[in-house]
Amino acid sequence: MSAEQSNLSIQDEISAAILQVLRDAHSQLNCDIPTSLTLERPKNRDHGDYATSIALALSKPSGIAPRKIAEIIVAGLEARKDIAALEIAGPGFVNITLDKSSQGGVIANILAAGKTFGHGNKLNGIAINLEFISANPTGPLHLGHTRWAAVGDALGRVLSAAGAKVAREFYINDRGVQMDKFGASLQSAALGQPRPEDGYHGAYIDDLAKEVVQANPEVLKLSGEEQTFAFRDIGYKLQLAQQQNVLDKFGTHFDVWFSEKSLYDNNFFAHCQEVLRSKGHVFVDGGAIWLRTTDFGDDKDRVMVKSDGSMAYFASDSAYYISKRERGFEICIYMLGADHHGYTGRLKALAACNGDDPEYSVEILIGQMVKIMEGGEEVKLSKRAGTIITLEELVEKVGVDAARYTLIRYPVDTPMVMDVDVLRSRTNENPVYYVQYAHARICAVLRNATDLGIKYGADLIHPELLVHERERELIGALGEFPRVVAGAAELREPHRVARYVEELAGVYHRFYADCRVLPLGDETPSELHSARATLCSATAQVISNGLELLGVSAPEKM
RNA sequence: GCGCCUGUAGCUCAGUCGGAUAGAGCAACCGCCUUCUAAGCGGUAGGCCGCAGGUUCGAUUCCUGCCAGGCGCGCCA
């Protein structure tokens, strides 16, 4: 139902109408007419509620002056009742001012759709595999993972809201020498021996080693390699559970915890190798088995099976990709840290080797570094992990909502600094509170409305009464939400939702300052009070829906 | 050397599938609570959108080159 609603939004209707006018004038224009058109929302209110520059864009291909084309558009729209004014401005912009009563439709849509307002069908039915975090289960999750824990989760929510079928996956790197080092580190910690030089040195290793022994005292009876492996396998499960627990508290949930090791069960890797071989890109050189990724633009070919018969990391990468495709995902999104951006070439080439269009089936998002400041200095040391601050410690410092919101509100391709002191503050400089405060404020107004017997709801919108500049601004902002969500999903940029919600909160605060919602003193309740309260409830709904997409709570009281 | 990312107000950053006067918060200054949450609102001030070319009706946005910073270039994982 939400899909139909967003299709029926007033701006979509008008842009469709403009395209129809242009198509009708095809013989005159004699050029290609675009298939879609997005109305802009002008910054300057003198330019109407919506504007389009399509006349300027079509001027060149048609050879007709832009103002002339604008006239055609205006003539074609003039009969519409939902448009109050049409104006041709500057070189050929068409400015559209909506009829006041037609704006009420937005409020009705919001109230009818409730939690699903903003959902759409832009990515309807597309099966997307969203892989993020993907850490070694050999220690606590740290800051580098934290950005993805927040952004990846939000992106998953946004993609789902746009209609995609999303599977969020955490790839557990539970194979290879890191795991063995981890086992050896636990073993030596438990036995009170010095840690291996290239092992893990964080303080958490001691605790974990104790836990392992406590849960399985018999490991102490083993010896040598057998004991190392026992520590590794038991410690791995405990550490993974700890990661899962922390993520759960952080509000980040996965559909699939995918074990790298499992790629080698039941000859799956052999099957993948055969798939790639059958497509002609596997070769043997120097006793190693390679994938010829240079066929598709990679810098160098990649080893899958080393000359000693052991598996290179890329073997897992390739098998994992094939697993995703065989499980029916058409788009595989990888969210990687900046230090892994060199993977782009090989992952795209891998897809091409599998016969896929890498531009479509593989998307790689690179997240730049996160730094954390406290007291004007960079925080580097973690008590637990020894070197790098952990996700858990960040949450202890600033709380889940502030941490998530701050991580999400910036585009991922720029490095960011989190200032703990700001995140603990409760003022304008802390956007999460700014937005949450707007929501709590509305809830307070609505509670008071109920106490005063002021009714509000879909049958009390009275759009003809909501003519104050601030009211029109607010209604206009509310109507943008579905487009913002669709854009965030399409561009894989959940931060757009955060920025929108901040904007909306600001518009609401200004409305609140200028438009009294509830009766003053012994003033008689009127339809305007109900209409404004209804507008408030629609705003609360949209703020709440926006925060939901970010995994941030929308408190009713603060 | 090659590749990816970044350079916008004093600070932290938005914006850009090319559009009308480049935005927000902080910091500075001046205002607004005898009635809905002041965790809020209004105002003043602050800009060669890194530099130089190109594309065009129009470039902060696209292209090229340069400068500066971050990151990466293993039969490691």
Side-chain angles (χ1 to χ4, degrees), chain A residues 38 40 42-44 46-47 51-53 56-57 59-60 65-66 89-93 95 136 138 173 175-179 181 260 285-290 299-300 302-308 310-314 316-317 337-345 364 366-369 373 409-419 422 425-438 440-449 451-452 454 487 490-491 495-496 498-499 502-503 505-506 508-521 523 529 532-533 536 557-558:
Chain A
T38 309
E40 297 159 34
K43 291 163 206 150
N44 186 336
D46 295 341
H47 296 149
T52 177
S53 57
L56 293 157
S59 168
K60 181 151 195 183
F93 295 101
N95 295 337
N136 283 317
T138 55
N173 296 140
R175 224 194 118 261
V177 301
Q178 291 304 319
M179 289 304 292
K181 286 177 186 171
E260 180 188 352
D285 184 49
I289 301 174
W290 301 67
D299 301 339
K300 52 191 83 167
R302 304 292 168 179
V303 170
M304 292 198 291
V305 183
K306 300 185 219 172
S307 49
D308 67 2
S310 63
M311 298 298 161
Y313 192 69
F314 189 66
S316 300
D317 283 339
D339 53 343
H340 283 67
H341 74 249
Y343 280 37
T344 308
I364 296 167
I366 302 295
Q368 299 296 322
M369 303 292 190
M373 306 287 287
R409 82 185 275 270
Y410 299 100
V412 293
D413 49 14
T414 136
M416 67 169 291
V417 179
M418 297 180 81
D419 189 322
V422 167
S425 75
R426 303 170 142 211
T427 62
N428 271 0
E429 67 182 315
N430 193 354
V432 68
Y433 282 111
Y434 183 79
V435 174
Q436 289 182 320
Y437 181 65
R441 203 178 208 190
I442 296 170
C443 291
V445 170
L446 293 177
R447 280 193 299 270
N448 296 341
D451 291 347
L452 292 170
I454 308 288
E490 213 174 11
L491 298 167
H495 78 273
R496 287 166 184 271
R499 297 290 171 165
E502 285 169 37
E503 170 69 26
Y508 180 79
H509 286 312
R510 288 190 285 279
F511 157 80
Y512 179 91
D514 289 354
C515 297
R516 174 83 199 184
V517 177
L518 300 176
L520 262 175
E523 191 185 345
H529 297 125
R532 285 184 171 166
C536 285
K557 288 184 181 172
M558 285 172 80

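In what follows, chains carry the letters A, B, and so on, assigned in the order in which the sequence lines appear, proteins first and then strands, with residues in each chain numbered from 1.
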Legend entry - Side-chain N or O of A:Arg510 closer than 4.0 Å to phosphate OP1/OP2 of B:rG42: yes
Legend entry - Phosphate OP1/OP2 of B:rU37: any A:Asn448 side-chain N/O under 4.0 Å: yes
Has the side chain of [X] got a donor or acceptor atom that lies under 3.5 Å from a matching backbone atom of [Y]?
X: A:Arg532; Y: A:Leu518; result: no
X: A:His509; Y: A:Gly506; result: no
X: A:Asn430; Y: A:Val422; result: yes

Separation of the [atom1] atoms in [N] and [M], to the nearest angstrom:
N: B:rC67; M: B:rC26; atom1: C1'; value: 30 Å
N: B:rU21; M: B:rG58; atom1: C1'; value: 15 Å
N: B:rC62; M: B:rG7; atom1: P; value: 11 Å
N: B:rA28; M: B:rG65; atom1: P; value: 44 Å
N: B:rU44; M: B:rC49; atom1: C1'; value: 23 Å
N: B:rU8; M: B:rC48; atom1: P; value: 11 Å
N: B:rG10; M: B:rC51; atom1: P; value: 14 Å
N: B:rG50; M: B:rG69; atom1: C1'; value: 11 Å

What does the list of N/O pairs under 3.5 Å between the protein and nucleotides 16-24 of chain B look like, with a distance for each?
unit_1	atom_1	unit_2	atom_2	d
B:rU16	OP1	A:Arg496	NH1	3.2
B:rG19	N7	A:Ser53	OG	3.4
B:rA20	N6	A:Asn95	OD1	2.9
B:rA20	N1	A:Asn95	OD1	3.2
B:rA20	N1	A:Asn95	ND2	3.3
B:rU21	O4	A:Asn44	ND2	2.4

Legend entry - Watson-Crick or G-U stems of RNA chain B, 3 or more pairs, under 3.5 Å, by first number: B:1-7 with B:67-73, B:10-13 with B:23-26, B:28-32 with B:40-44, B:50-54 with B:62-66
How close or far is atom [atom2] of [N] from atom [atom1] of [X], stated in whole angstroms?
X: A:Ile364; N: B:rG3; atom1: CD1; atom2: C1'; value: 14 Å
X: A:Tyr433; N: B:rA38; atom1: OH; atom2: P; value: 18 Å
X: A:Tyr508; N: B:rA38; atom1: OH; atom2: P; value: 10 Å
X: A:Tyr437; N: B:rG25; atom1: OH; atom2: C1'; value: 17 Å
X: A:Asn430; N: B:rA27; atom1: CG; atom2: C1'; value: 17 Å
X: A:Phe511; N: B:rC41; atom1: CZ; atom2: C1'; value: 14 Å
X: A:Lys557; N: B:rA39; atom1: NZ; atom2: P; value: 17 Å
X: A:His509; N: B:rU37; atom1: NE2; atom2: C1'; value: 10 Å

Inset, instruction - Check whether any side-chain heavy atom of A:Gln368 lies under 4.5 Å from a side-chain heavy atom of A:Tyr410, and answer yes or no. - result: no
Legend entry - Side-chain heavy-atom pair A:Val305, A:Met311 within 4.5 angstrom cut-off: yes
Inset, instruction - Answer syn or anti for B:rC33, where the cut-off is 90° from 0 on the glycosidic torsion. - result: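 Base orientation: syn.
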Atom [atom1] in [X], atom [atom2] in [Y]: separation rounded to 0.5 Å?
X: A:Asn95; Y: A:Ser53; atom1: CG; atom2: OG; result: 10.5 Å
X: A:Arg496; Y: A:Glu503; atom1: CZ; atom2: CD; result: 14.0 Å
X: A:Met304; Y: A:Trp290; atom1: CE; atom2: CH2; result: 11.0 Å
X: A:Leu446; Y: A:Asp451; atom1: CG; atom2: CG; result: 11.0 Å
X: A:Met179; Y: A:Asn173; atom1: CE; atom2: CG; result: 9.5 Å

Inset, instruction - Give the B/S/- string for nucleotides 70-77 of chain B, one per nucleotide from 5' to 3', where a protein heavy atom under 4.0 Å of the base yields B, of only the sugar-phosphate yields S, and otherwise -. - result: -BSSSBSB
Inset, instruction - State yes or no: are the ring centers of A:Phe511 and A:Tyr508 separated by less than 6.0 Å? - result: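 So the answer is yes for these two rings.
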Legend entry - A:Tyr512, nearest nucleotide to its side chain (from B:rC5, B:rC41, B:rU37): B:rU37
Inset, instruction - Please determine, by modelled atom types, if A:Thr138 and A:Gln178 share a side-chain donor-acceptor pair under 3.5 angstrom. - result: no
Inset, instruction - Begin from the C-alpha positions of A:Tyr512 and A:Arg441 and carry the test side-chain contact (heavy atoms from CB on, under 4.5 Å) through to its verdict. - result: CA-CA 9 Å; A:Tyr512 179 91; A:Arg441 203 178 208 190; 3.2 Å; yes
Inset, instruction - For A:Met558 and for A:Tyr410, find the nucleotide of RNA chain B with the closest heavy atom, then tell me which residue's nucleotide is more 5'. - result: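 The residue mapped nearer the 5' terminus is A:Tyr410.
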Inset, instruction - Identify whether any heavy atom of A:Pro411 sits under 4.0 Å from a base atom; if not, whether one sits that close to sugar-phosphate; answer base, sugar-phosphate or nothing. - result: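 Here A:Pro411 touches the backbone only, sparing every base.
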